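Report on one structure; see the data block that follows.
Counting starts at 1 for both ligands and their atoms, following the listed order. Position 1 is the first residue of the sequence, and the numbers go up from there. Fair warning: this is a prediction, and the values are worked out from it, not measured in the lab.
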Amino acid sequence: MRENPLVLHVLGARPNFVKAAPVVRALGELGMRQGIIHTGQHYDALMSDVFFADLGLPEPVANLGVGSGTHARQTAALLVGLEEVVLEQAPDLVVVYGDVNSTLAAILVCAKLGVPTAHVEAGLRSFDRGMPEEVNRIVTDSLSDLLFATSPDALSHLAAEGVPAAKVHLVGNPMIDSLFAALPSLDPAPVVERLGLPERYAVATLHRPANVDTPEAARELVSAVLEVSRQVPLVVPIHPRGRTRLAEAGLVDGPSVKVVDPLGYVDFLSLVRGAALVVTDSGGVQEETTMLGVPCLTVRPNTERPVTITHGTNRLVTPALLPAAAGKALADGAATPSGELPPLWDGAAGPRIARVIAAWLKGDNLSPASQGTRSE
Ligand code: UD1
Ligand code: UDP
């Protein structure tokens with residue numbers, strides 16, 4: 001390895017920024033030479049720039065501007081753009097995050113160029129290959145050199161797929177590190193006032209293709225969400241993916257529904273912190289509500305984050321069962337099964353990842369035991 005190795009982080013979509021910030025910060029504290037490649041998968045200011053500001057991320061060294069498209073078109077543009085920039089920058093390690101198309105493309109490019117890679121949030125599985133993210137997860141994990149897991153179930157998934165245990169490190173959850181860091185700034189009052197909400201309200205965020213991509217799914221979902229709004233006033237920061245279809249299905253401003261643009265990280269989590277209930281299909285929001293102790297109903301048939309159910313406030317619901325489940329959650333409040341957060345969700349995942357990366361670049365593959373982390 002070179003004297004002064006270079007680590008590049010490939011980021012493209014909203015949840016990537018949240019997961020990467022603690023890793024970038026911790027590597028910076030170790031004096032690592034590093035840079036961010038922004039693929040441009042998300043490009044609206046409210047889906048991208050606001051996160052760089054809220055999370056204190058440094059300016060990217062490159063923005064590929066790939067934008068939106070079908071899976072094939074977007075992935076093709078990502079492959080072409082990333083190959084060029086990885087060749088030009090010649091990194092010693094590329095770090096990828098989560099399960100989005102930018103993650104998949106970066107892993108493929110690096111595997112073909114022989115550039116080592118690390119995957120943060122490895123081993124999550126919904127076992128639903130109808131989700132584009134599940135395909136991205138499987139391919140990414142199979143090609144990564146270092147795999148950082150956020151929860152113990154991920155370790156058994158990776159073992160079952162034949163990933164050598166020596167590559168895998170259970171490090172906790174960097175998305176929760178970001179939340180820990182933001183906690184002192186999370187104040188619901190100003191956002192509640194700005195949006196004209198009452199003291200008791202619920203938040204909904206919905207963007208999964210299975211929920212928003214067809215008029216039928218959107219109609220079923222919106223009808224359930226509107227029923228929830230008859231029990232508690234609802235604010236919906238709308239992801240651009242579902243904006244038109246959900247509006248066509250009837251999700252528009254009304255006496256007890258407020259549809260707003262996507263919110264910045266601090267504003268959104270402030271709102272969640274003060275909410276009586278969250279309705280979502282987001283991966284990250286299932287984790288954040290677990291940590292904040294806010295009841296969460298996830299409108300999906302499965303989750304790749306079962307610890308948010310076993311250790312948290314999350315429940316899976318169908319659209320048909322959502323209104324009744326909301327009524328119950330509003331009556332019960334946040335009942336966490338154990339009262340304990342998932343292991344290592346303690347705000348120190350970023351430093352753990354940085355230590356493993358630094359040692360790996362020096363040629364030591366720190367055994368999970370010597371890191372204070374566990375592997376199977
Ligand atoms: C992507 C990820 C998904 C993740 C989500 C986080 C994939 C396959 N999916 O889904 O796993 O949960 O990001 O938010 O990578 N759009 C805008 N402005 C933007 C970005 C997108 O208007 O800044 C609109 C475009 O119409 C675009 C659509 O949203 O076609 C979908 O964007 P895309 O990045 O393809 O997928 P997401 O649904 O955002
Ligand atoms: N988020 C945000 N503003 C919003 C909605 C979500 O800042 O209006 C944050 C949320 O707190 C979490 C991340 O975006 O940190 C999750 O992203 P998203 O739901 O888009 O993706 P997923 O986690 O489903 O892949």
* Examine the proximity of ligand 1 to M47 and report which part, side chain or backbone, both or neither, has a heavy atom under 4.0 Å away. => side chain
* Hey, looking at atom 3 (C) of ligand 1, which of E134, R243, E133, M131 has the closest heavy atom? -> E133
* Shortest heavy-atom approach to atom 8 (C) of ligand 1 - which of L46, V212, N101 -> N101
* Structure fact -> Rounding to 0.5 Å, atoms NE2 (H311) and OG (S151) come to a distance of 9.5 Å
* Asked: Taking only residues two or more places apart in sequence, or in another chain, which ones meet Q34 in a side-chain contact (heavy atoms from CB on, under 4.5 Å)?
  -> V7, H9, V24, L27
* R25 vs D177 side-chain heavy atoms within contact, under 4.5 Å -> no
* What atoms in ligand 1 come closer than 4.0 Å to a heavy atom of H239? -> 14 (O), 37 (P), 38 (O), 39 (O)
* To do: Any atoms of ligand 1 less than 4.0 Å from a non-hydrogen atom of P240? List them with their elements.
  => 16 (N), 17 (C), 18 (N), 22 (O), 24 (C)
Every pair of nitrogen or oxygen atoms between ligand 2 and the protein that is under 3.5 angstrom apart - can you list them with their distances to 0.1 Å?
from: ligand 2; atom 1: 3 (N); to: L263; atom 2: O; distance (Å): 2.7
from: ligand 2; atom 1: 7 (O); to: L263; atom 2: O; distance (Å): 3.4
from: ligand 2; atom 1: 8 (O); to: L263; atom 2: N; distance (Å): 3.0
from: ligand 2; atom 1: 11 (O); to: E288; atom 2: OE1; distance (Å): 2.7
from: ligand 2; atom 1: 11 (O); to: E288; atom 2: OE2; distance (Å): 3.2
from: ligand 2; atom 1: 15 (O); to: E288; atom 2: OE2; distance (Å): 2.5
from: ligand 2; atom 1: 19 (O); to: S282; atom 2: OG; distance (Å): 2.7
from: ligand 2; atom 1: 20 (O); to: R14; atom 2: NE; distance (Å): 2.9
from: ligand 2; atom 1: 20 (O); to: R14; atom 2: NH2; distance (Å): 2.9
from: ligand 2; atom 1: 23 (O); to: S282; atom 2: OG; distance (Å): 3.4
from: ligand 2; atom 1: 23 (O); to: G283; atom 2: N; distance (Å): 3.4
from: ligand 2; atom 1: 23 (O); to: G284; atom 2: N; distance (Å): 2.7
from: ligand 2; atom 1: 24 (O); to: H207; atom 2: NE2; distance (Å): 3.3
from: ligand 2; atom 1: 24 (O); to: R208; atom 2: NH2; distance (Å): 2.6
from: ligand 2; atom 1: 24 (O); to: S282; atom 2: OG; distance (Å): 3.4
from: ligand 2; atom 1: 24 (O); to: G283; atom 2: N; distance (Å): 2.8

* Does the distance from a Lys or Arg side-chain N to an Asp or Glu carboxylate O, for R125 and D141, drop under 4.0 Å? -> yes
* Please determine if N136 has a nitrogen or oxygen closer than 3.5 Å to a nitrogen or oxygen of ligand 1. => no
* Structure fact -> among protein heavy atoms, the one nearest atom 18 (N) of ligand 1 is D44 OD2, 2.9 Å
* Identify the protein heavy atom lying closest to atom 38 (O) of ligand 1, giving its residue, its atom name and the separation to 0.1 Å. => R241 NH1, 2.8 Å
* Which one of G283, G98, S68 has a non-hydrogen atom at the shortest distance from atom 26 (O) of ligand 1? -> S68
* Where is the nearest protein heavy atom to atom 34 (O) of ligand 1: which residue, which atom, and how far? -> Q41 NE2, 3.1 Å
* Asked: With side chains defined as the heavy atoms from C-beta onward, is the minimum distance between V225 and L322 less than 4.5 Å?
  -> yes
* Can you tell which part of S102 has a heavy atom less than 4.0 Å from ligand 1: side chain, backbone, both or neither? -> neither
* **Lys/Arg N to Asp/Glu carboxylate O, D281 vs R300, below 4.0 Å** => no
* Asked: Of the choices A13, G69, P15, which has the non-hydrogen atom that lies closest to atom 6 (C) of ligand 1?
  -> P15
* To do: Flag yes if L263 and M175 sit in one hydrophobic cluster, no otherwise; membership is Ile, Leu, Val, Met, Phe, Trp, Tyr, and two members link when side-chain heavy atoms are under 4.5 Å apart.
  => yes
* Any ring pair (Phe, Tyr, Trp, His ring centres under 6.0 Å) involving residues 63-95? Give me the pairs, sequence neighbours left out, ordered by first then second residue. => none
* Which of the numbered atoms in ligand 1 are below 4.0 angstrom from a heavy atom of H71? -> 8 (C)
* Begin from the C-alpha positions of R243 and D261 and carry the test side chain to side chain contact (heavy atoms under 4.5 Å, CB included) through to its verdict. => CA-CA 9 Å; R243 188 180 283 138; D261 280 338; 4.0 Å; yes
* Can you hop from V100 to V109 via hydrophobic side chains spaced under 4.5 Å? -> no
* For atom 2 (C) of ligand 1, closest protein heavy-atom neighbour -> V100 CG1, 3.7 Å
* To do: Please report which non-hydrogen protein atom sits nearest to atom 35 (O) of ligand 1, along with the residue it belongs to and the distance in Å to one decimal place.
  => Q74 NE2, 3.5 Å
* Structure fact -> Taken in chain and number order and not counting sequence neighbours, the residues that satisfy salt bridge (Lys or Arg N to Asp or Glu O under 4.0 Å) with R208 are E133
* Could you check if a side-chain atom of R305 sits within less than 4.5 angstrom of a side-chain atom of E287, using non-hydrogen atoms only? => yes
* Asked: Any idea which protein heavy atom is nearest atom 19 (C) of ligand 1, and the distance to it?
  -> Y43 CZ, 3.5 Å
* To do: Look at the rings of H38 and F52 and say which category their plane angle falls in: under 30° parallel, 30 to 60° tilted, over 60° perpendicular.
  => parallel
* Considering only the protein, which heavy-atom contact is closest to atom 12 (O) of ligand 1, and what is its distance? -> H207 NE2, 2.9 Å
* May I ask you to decide if the ring planes of H157 and F127 are parallel, tilted or perpendicular, using 30° and 60° as cut-offs? => perpendicular
* To do: May I ask you to identify, for H42, whether its side chain, its backbone, both or neither come under 4.0 Å of ligand 1 on a heavy-atom basis?
  => both
* Asked: Step by step, would you call S68 with Y43 a side chain to side chain contact (heavy atoms under 4.5 Å, CB included)?
  -> CA-CA 9 Å; S68 308; Y43 43 87; 2.7 Å; yes
